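Below is one structure; the comments refer to it alone.
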Amino acid sequence: MKKEPTQFKKMSVLFTALLLSGLSVVQAQSKQELKISKLQAKIDKIQATMPAAPEEIKVEMPKAKKVVIPAPVKGASVEGITEYTLGNGMKVLLFPDQTQQTVTVNITYMVGSRHEGYGETGMAHLLEHMVFKGSPRHTDIPKELSDHGARPNGTTSVDRTNYYETFNATEENLKWALDLESDRMVNSFIKKEDLESEYSVVRNEFEMGENNPNSVLSQRIVSAGFVWHNYGNSTIGSREDLERVPIDKLQDFYKKYYQPDNAILIVAGKIDPEATLKMVNEYFGGIPRPTRVLSDTYTKEPAQDTERNITLRRAGDVQFLGAMYHVPPGTHEDYAAIDVISDALASAPSGPLYKAMVDTKLASQIFGYARSLKEPGYSYFGAVVPKDNDIAEAREAFLSAIDKAVETGFTQEDVDRAKSQTARYLGQVTRDSEAFSKMLTEFIAKGDWRTFFLFRDAVENVTLEDVNRIAKKYFKSSNRTVGQFIPTTAPDRVNVPEAPNVAALVKDYKGKEVEEITEVFEATPDNIDSRNTTGKLSNGMEYALLSKGTRGNVVSASMTIRVGTKESLTGIGMTDNLTASMLMRGSKSLNRQAIKDKLGEMESSVSIGGGANTISVGINTTKAHLSEVLAIVEDVLKNPAFDETEFSNLKTEMKTGLESQQNEPMPLAQLVFRKTMNPYPKGDVRYVPSIPEQLEMLDDVTIDGMKDLHSKLYGMSNATVSIVGDFDQEQTLKELETRFGTWNNATPFVRIANDYIPNPSGGTKIETPDKANSLMLAGINLKMNDASPDYPALYIGNYLLGGGFLNSRLAMRLRQKDGISYGVGSQFSASPLDETGSFMTYAILAPENSEKAEAAIREEINKVRNEGFTAEELEKAKEGLLQSRQLSRSKDGELAGKLNGYLYLDRTMNYDAGFEAKLNALTLDQVNNAFRKHIDPSKLTLVKAGDFEKKFAEKSAEESAPAGKVSGAE
């Protein structure tokens with residue numbers, strides 16, 4: 001503040017004093033007048049030299065010292081991905097991919113269940129949930145995610161936690177995502193009241209896993225295999241720890257690990273690297289580097305000295321076997337061979353386990369994998385054994401098959417096949433920047449993102465000698481955990497090596513040459529229509545071809561074969577489903593393994609399935625291999641082998657799967673709900689059979705029946721196909737004509753319409769004893785199609801009620817507020833061809849909360865009926881839905897599926913543009929009125945399945961907890 005001159009201040013005081021003296025005698029006043037006038041003259045003279053006084057005093061505060069954010073430092077660059085380090089220690093990976101119309105922001109924190117201390121099991125995963133509860137600048141994260149049309153999630157593993165969101169590639173969306181992640185990195189609320197509601201949600205998620213005996217068995221085996229190391233703990237944690245976690249401990253855990261120097265951010269997709277890096281530094285660079293120093297975990301699992309055995313007993317209908325072997329870290333030189341060995345052992349249908357277990361009918365399924373971790377991990381193998389089989393005989397064959405394969409050695413064919421399978425998978429992932437950016441999280445967790453490329457290259461270089469040598473080194477009985485204890489006088493221990501120095505491994509790695517991007521394609525309806533070529537082949541088969549540049553020259557295709565009539569499919573049982581399922585199990589010229597090998601060599605995949613009127617074919621390949629893949633598809637569709645062994649294995653697999661569902665809440669509730677909502681008569685192809693009926697139908701299927709159905713019904717006269725990606729359009733059209741253009745349906749196809757049938761109101765309760773989780777479904781059949789006037793309004797009304805990501809009315813109530821359901825929402829659909837629509841709500845929860853959940857769902861529906869949605873909700877829903885639909889169009893696989901469906905409906909993408917215009921024009925009254933008109937809770941059909949009687953229940957958490965309130969307990 002400026003100071004007044006001293007002499008001016010003194011005179012002003014004197015003058016004021018004289019004026020306030022109140023002289024009332026005229027004489028005295030006269031004597032003073034001269035003095036006063038002289039004094040005033042001096043004051044005026046001084047004031048004349050002063051600047052005019054301001055109308056208000058302005059106080060100039062000292063300016064805050066500007067924080068200088070250091071520029072990011074460029075690091076390694078490999079195959080299009082470049083690393084930068086911010087001044088606070090945070091790593092940033094930029095992965096530009098101009099072929100995408102999307103951006104993925106994925107942040108990984110180097111903290112997982114491995115870092116949890118005594119009494120902290122499940123804390124990393126619980127924290128993952130809590131970080132969605134808001135931060136100062138983002139108080140309603142689920143709502144924001146929906147508003148931006150994002151596809152988000154958070155995941156927790158043993159070595160890391162990550163959060164990602166994929167959204168339309170706009171600068172506004174990118175700034176929002178970076179602001180969101182930077183704010184919740186260090187400013188998440190982590191409040192006690194949120195913990196109390198979210199604990200129940202996490203417990204519900206825990207109970208979902210407890211419903212699956214195979215999942216529980218796997219966890220028990222791993223837990224028994226790791227006696228000291230935290231890898232033996234379930235990531236979701238112990239129920240006892242979850243029930244008692246103090247909020248201050250959770251906050252401390254958050255403050256310790258959620259810091260910039262412990263985070264790696266990936267931004268992938270359609271980005272400007274320079275502008276994006278600047279934005280990242282603006283949002284994250286100013287976060288101070290913490291003073292605390294993180295130390296890595298140091299517990300080492302001792303060498304296992306004998307085979308360990310466990311037995312799990314609980315309710316169920318199918319038996320399971322499992323075996324775990326300790327193996328080196330994912331960065332160790334032996335690991336690539338371990339991965340190859342694990343795939344070779346469990347390969348179907350030629351692997352040792354498949355031949356020893358499935359071909360002999362001792363098991364219906366086998367599987368195996370290697371867990372690539374930062375510290376020494378494990379390889380795991382499992383088998384699904386039908387309930388009537390001798391588990392002891394199956395166990396002996398299971399372990400003998402592994403031991404024999406290791407002892408006698410693998411063949412070059414085994415190794416090549418396993419390597420091809422891995423190469424195909426990694427190749428497909430790297431061609432999709434979104435999927436690749438998520439996969440890199442797992443390799444970041446091992447110490448450096450470049451370990452992905454080291455692993456890929458190492459698998460390519462694995463030799464037969466490596467495989468057989470390393471198999472004998474690790475796959476020993478003394479190094480595994482299975483079902484029983486076997487004493488031995490000669491201990492044979494495996495000392496699993498430590499993780500190598502990752503920095504040294506990646507120091508000079510350069511990677512392979514990155515393919516040049518050929519085109520940037522804007523996936524707008526107009527642009528898609530302008531580039532999409534449609535037409536018919538000679539036999540009437542319709543096609544849609546959209547050729548454009550893609551990363552890795554990827555091609556996605558979708559094909560639908562339409563067959564049969566209501567009459568020809570009456571009484572068909574399950575023959576239609578098994579016929580479709582058998583197609584990829586061998587043709588007359590290629591057996592199942594040969595098909596799998598060929599596709600593996602081409603890094604391509606084909607899926608075929610369906611039944612009744614339609615068979616669906618999905619293709620993912622590259623430009624170089626499209627022709628060969630189409631040849632395989634033609635071969636399996638026209639010339640299926642219907643092999644006896646494959647048919648027998650398929651029936652066993654399906655039978656075991658059906659038997660495993662007989663006491664499971666989710667499949668039972670869904671089946672009864674479908675049957676209630678669609679009560680077609682037995683024999684009708686639309687009839688919904690019970691599980692016992694499906695088992696009977698399965699037994700009735702024969703190879704002759706499948707051959708007869710195939711010869712009479714299959715053909716391409718009414719088929720449609722769409723292809724999207726990098727391919728030669730003219731050449732591909734000629735191939736389609738040659739391969740499919742002359743194949744006609746022997747029996748003309750007639751679409752089977754669906755009828756509108758009013759659903760019964762009321763409820764059904766299904767008891768599934770000893771199941772910790774339950775499923776509740778409630779729905780209404782609606783007489784409308786997608787051209788009905790109310791369809792757009794109901795579409796957006798359903799999104800607001802239960803369709804958005806965690807921020808819908810139902811999710812906010814049952815998950816966010818009440819904390820009683822891990823998964824809750826609603827669905828709405830209407831046929832484009834028949835006046836058959838449906839509305840459904842669902843909730844996954846503990847059985848004891850089912851009545852509370854039912855009441856809450858009814859209350860929320862009634863609240864909308866009575867009060868309506870708000871204008872703000874509607875505007876945000878429009879914005880989020882429109883972005884979400886644009887995001888879907890940007891995914892080639894999804895676009896191919898849509899174009900394929902639109903061929904049959906005689907629609908173009910102009911339909912989408914028109915529908916989105918209708919959505920955008922909706923008024924609040926239209927949405928609220930349509931909801932009130934069609935969604936009436938009194939008309940709901942309710943089905944719930946779970947252990948409501950609790951016959952086998954242990955003491956509840958409340959009974960076993962100490963006296964007093966337990967944090968997070970109901």
Side-chain angles (χ1 to χ4, degrees), residues 78-81 95-104 169 268-271 419-440 452-453 456-457 459-460 511-523 527-528 531-533 543-559 597-607 617-634 721-736 739 889-900:
V78 176
E79 298 187 19
I81 303 173
F95 184 15
D97 178 6
Q98 299 306 316
T99 66
Q100 292 286 323
Q101 296 301 304
T102 63
V103 175
T104 297
K270 189 178 181 183
I271 59 171
K419 289 171 62 175
S420 173
Q421 179 177 320
T422 300
R424 175 180 61 176
Y425 173 64
L426 297 181
Q428 288 180 339
V429 170
T430 54
R431 292 192 289 268
D432 184 334
S433 57
E434 177 187 349
F436 193 18
S437 66
K438 296 174 187 175
M439 175 182 272
L440 282 179
F452 166 84
F453 300 103
R456 180 199 63 188
D457 297 351
V459 171
E460 288 180 2
K512 299 180 181 180
E513 186 176 347
V514 180
E515 297 165 348
E516 185 178 349
I517 301 303
T518 57
E519 180 189 12
V520 177
F521 181 80
E522 298 289 339
N527 202 27
I528 292 170
R531 293 282 292 274
N532 186 31
T533 300
Y543 62 82
L545 306 178
L546 199 165
S547 178
K548 66 185 188 69
T550 58
R551 178 180 175 83
N553 308 116
V554 174
V555 182
S556 299
S558 175
M559 182 184 295
D597 290 345
K598 278 180 168 288
L599 291 173
E601 291 166 6
M602 296 184 288
E603 297 186 9
S604 303
S605 59
V606 175
S607 62
V617 182
I619 298 172
N620 183 286
T621 185
T622 59
K623 181 178 184 179
H625 299 299
L626 177 59
S627 178
E628 295 172 87
V629 172
L630 287 175
I632 291 175
V633 171
E634 177 194 15
V721 61
S722 65
I723 305 177
V724 176
D726 192 352
F727 63 96
D728 186 309
Q729 190 166 297
E730 184 178 350
Q731 177 186 331
T732 301
L733 182 55
K734 289 179 181 177
E735 283 217 39
L736 291 174
R739 299 190 184 284
R889 285 192 289 269
S890 300
K891 300 295 182 183
D892 289 353
E894 295 179 36
L895 179 58
K898 174 164 282 193
L899 293 177
N900 179 38

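Keep in mind that what you see is a predicted model, and the values were worked out from it rather than measured.
In this structure, Gly80 and Pro96 approach most closely via the heavy-atom pair O-CD, 3.6 Å. Minimum interatomic distance between Arg551 and Glu79 (heavy atoms only, all atoms of both residues): NH2-O, 4.1 Å. Considering every non-hydrogen atom in both Asp728 and Thr732, the closest pair reads O-OG1, 2.8 Å. Smallest separation of non-hydrogen atoms from His625 and Ser604: CB-OG, 4.2 Å. Taking both residues in full, the closest heavy atoms of Val629 and Leu599 are given as CG2-CD2, 4.3 Å, listed atom of the first, atom of the second, then distance. Of all heavy-atom pairs spanning Val103 and Ala169, the tightest one is CG2-CB, 3.7 Å.
A distance-only check finds a donor-acceptor pair linking the side chain of Gln98 to the backbone of Ile271 [under 3.5 Å]. In this structure a side-chain-to-backbone donor-acceptor pair under 3.5 Å is missing from Arg889 to Leu895. Looking only at distances, no side-chain donor or acceptor of Gln421 sits under 3.5 Å from a matching main-chain atom of Gly600. Distance alone, capped at 3.5 Å, is enough to place a donor-acceptor pair between the Ser722 side chain and the Ala896 backbone. With hydrogens and angles ignored, the 3.5 Å screen pairs no side-chain donor or acceptor of Lys270 with any backbone N or O of Gln100. The closest donor-acceptor contact from the side chain of Thr621 to the backbone of Val555 lies at 3.5 Å or more, if one exists at all.
Side-chain contact between Ile81 and Phe436 is present, with heavy atoms from C-beta onward closer than 4.5 Å. Ile528 is listed as a side-chain neighbour of Phe521, based on a closest heavy-atom distance under 4.5 Å. A heavy-atom distance below 4.5 Å is not found between the side chains of Thr99 and Val554. Residues Val633 and Arg739 have side chains not in contact (no heavy-atom distance under 4.5 Å, counting atoms from C-beta outward). You'll find the side chain of Lys512 reaches within 4.5 Å of the side chain of Asp457, heavy atoms only.
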Checklist entry - side-chain contact (heavy atoms from CB on, under 4.5 Å) between Leu426 and Val459: does it pass, once the steps are laid out? => result CA-CA 11 Å; Leu426 297 181; Val459 171; 5.6 Å; no
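The distance from the CG atom of Asp432 to the OG1 atom of Thr104 is 8.0 Å, given to the nearest 0.5 Å. Here the straight-line distance linking atom OG1 of Thr622 with atom CG of Asp726 works out to 9.0 Å at 0.5 Å rounding. Distance check: Leu733 CG to Phe727 CZ gives 9.5 Å after rounding to the nearest 0.5 Å. For the atom pair CG of Asn900 and OH of Tyr543, the computed distance is 14.5 Å after rounding to the nearest 0.5 Å. Atom-to-atom distance recorded for Leu546:CG and Thr533:OG1 is 7.5 Å, nearest 0.5 angstrom.
The residue from Arg431, Lys598, Arg424 that alone fulfils the salt bridge (charged side-chain N to carboxylate O under 4.0 Å, His left out) condition with Glu603 is Arg431.
Defined by atom type and a distance below 3.5 Å, a donor-acceptor pair is missing between the side-chain atoms of Ser556 and Asp892.
Around the NZ atom of Lys734, the shell of radius 6.0 Å holds no more than 12 heavy atoms that belong to other residues, nucleotides or ligands. Annotation: Glu730, atom CD; neighbour count of heavy atoms from other residues, nucleotides and ligands within 6.0 Å does not exceed 12.
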